[in-house]
There are 2 protein chains.
Amino acid sequence: MGKGAHTREMILDEASELAAKIGLGGLTIGELAARTELSKSGLFAHFGSKESLQLQVLERNSTRIIDLVIRPALREPRGEPRLRGLVGRWLDWASRNGGCPLVAASFEFDDQPGPVRDRVVALQRDWLDTLTTVCATGVAEGHFRADVDPRRLAVDVEGVLLAFHVMHRLLSDPAAREYAQHGLDTLIAAAR
Amino acid sequence: MGKGAHTREMILDEASELAAKIGLGGLTIGELAARTELSKSGLFAHFGSKESLQLQVLERNSTRIIDLVIRPALREPRGEPRLRGLVGRWLDWASRNGGCPLVAASFEFDDQPGPVRDRVVALQRDWLDTLTTVCATGVAEGHFRADVDPRRLAVDVEGVLLAFHVMHRLLSDPAAREYAQHGLDTLIAAAR
DNA sequence: CCGTAGAACGAACGATCGTGCTATAATCAC
DNA sequence: GTGATTATAGCACGATCGTTCGTTCTACGG
């Protein structure tokens, strides 16, 4: 990896953290340049436009979710254990500094047309499809009843994750994780 | 109501709609002035600062939620019907133009200290307390099992609402309401 | 070790940000 | 209807926004 690529990675890391705190739209070249100790123009040259920066931040977080959440969970046994692993690792991921930037972006860009919104929509669809597939596997394995709709279950699980985000990040409720665990247990029990 | 107060209401309505779309932080005096066909300074004089405008937008939406969601639901029979009424009306509320500004603000300001965040936290706490109380009433009425933790149930319900917001506003899924209805049914069935 | 490609910089651009000041126009109390 | 109050407009400010340009420095292949 050349010097430029390395610097760009470092910028995207800082940008991800910042975006989680103040949103993708709130990202500012000047602020980001100050945090990375680069000049505005030097940083800007890496991306060519703010929108491109935003898109690359999304991409970076997408691959991080795959690496830190999805791929490890796929090593768990199929069905219910895999679902639990997926949720558990997502909760870890969202507990990091600033929470999950994709979640923040999902609520920030839900009414702002453009390439950024389009990408957020696609990523959120992908994530929900992943959840759905794992739930469907649970049905196939016999962990869940045959009449369980995997999509519905996936949406319910997504609700647990979003509620955790609010309880943990906004309300700083120390029981947030416990609530999420209980919520998942309830859903799984109801699907059994 | 004098002319000034009337104008201010009109500004806050437009500001609420705009805030739901681009966020409280993305609110801009200039853009808001253009939409309300006022001069920047004329509009600004009503609030004195952007932060005050943001806080008044929060306040306005708080009273609207009370008027459109909570108060009508409190006229339903205690317990489970009241919980269903509360959720149903919230879904109606969040289906309006731009979604619920409080939800957007909850994810936008979860890491930005200051009076705005403080108010968002307080409002979110109030809403969760309302949900919790209604759930507790369901236990007291015998609709839910005695060992149901009202707080936990309230958080789970909040998850259903947040998932609806994503499915409806971001993903434009026509089945969003159905998912939410099913999610609530599942939670209630599990609490019975 | 040199030549060149690429990385980073400084300065500046027009636009817009939030915010004051001052003047005028509209509203309201009496 | 007149006088006081209030609402709105106009203009300007310093700061910062995203972006461009030309230059300097640095890394790296030959």
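Below, chains carry the letters A, B, ... as their sequence lines are ordered, and counting in each starts from 1. Note that these values count all heavy atoms, side chains included, but never hydrogens, waters or copies made by symmetry.
Separating the NZ atom of B/K50 from the P atom of C/dT16 is a distance of 15 Å, rounded to the nearest angstrom. What separates CD of B/Q54 from C1' of C/dG18 is a distance of 11 Å, to the nearest Å. Distance CG (B/L24) to C1' (C/dC17): 17 Å, rounded to an integer number of Å. Across the protein-nucleic acid pair, B/F44 atom CZ and D/dC13 atom P stand 18 Å apart, rounded to whole Å. In this structure, B/E51 atom CD and C/dC17 atom C1' are separated by 16 Å, rounded to whole Å. When the C1' atom of D/dA7 is taken as reference, atom CG of B/L43 falls 12 Å away, rounded to whole Å. Here D/dT24 presents its P atom at 20 Å from CG of A/L38, a figure rounded to the nearest Å. Taking atom CD of residue A/E37 and atom C1' of nucleotide C/dA7, one finds them 17 Å apart after rounding to whole Å.
No hydrogens or angles were tested; on distance alone, nothing pairs the side chain of A/S39 with the base of C/dG10 as donor and acceptor under 3.5 Å. With hydrogens and angles ignored, a donor-acceptor pair closer than 3.5 Å exists between the side chain of B/K40 and the base of C/dG18.
Relative ring orientation between A/F107 and B/F107 is described as parallel, the plane-to-plane angle staying below 30° on a 0-90° scale split at 30° and 60°. Relative ring orientation between B/W90 and B/H165 is described as tilted, the plane-to-plane angle lying within the 30° to 60° band.
When the nucleotides D/dA9, C/dG18, D/dC21 are ranked by their closest atom to the side chain of B/I29, C/dG18 comes out on top.
As judged by a 4.0 angstrom heavy-atom cut-off over every strand, A/A45 is placed among residues making no nucleic acid contact. Contact annotation for A/L27: backbone-only contact, meaning every heavy-atom pair under 4.0 Å involves sugar-phosphate atoms and none involves a base. Using a 4.0 Å heavy-atom distance criterion, B/L53 is classed as making no nucleic acid contact.
Looking only at atom types and distance, the side chain of A/T36 has no donor-acceptor partner in the side chain of A/E14 under 3.5 Å away.
Between A/T7 and C/dA8 there is a side-chain N or O to OP1 or OP2 distance below 4.0 Å. Look at A/H6 and you won't find any side-chain N or O under 4.0 angstrom from OP1 or OP2 of C/dA7. Listed pair A/H46 / C/dA8 meets the phosphate criterion, a side-chain N or O lying under 4.0 Å from OP1 or OP2. When the side-chain nitrogen and oxygen atoms of A/S49 are compared with OP1 and OP2 of D/dT19, none of them lie within a distance under 4.0 Å. Phosphate proximity of C/dC17 to B/T28: present, with a side-chain N or O under 4.0 Å from OP1 or OP2.
Taking a cutoff of 4.0 Å between a charged side-chain nitrogen and a carboxylate oxygen, B/D110 and B/R117 do not qualify as a salt bridge.
A residue-by-residue look at A/E31 and A/S41 shows that A/E31 has its nearest nucleotide of DNA chain D further toward the 5' end.
We find the CG-CG distance between A/L153 and A/L83 to be 6.5 Å, quoted to the nearest 0.5 Å.
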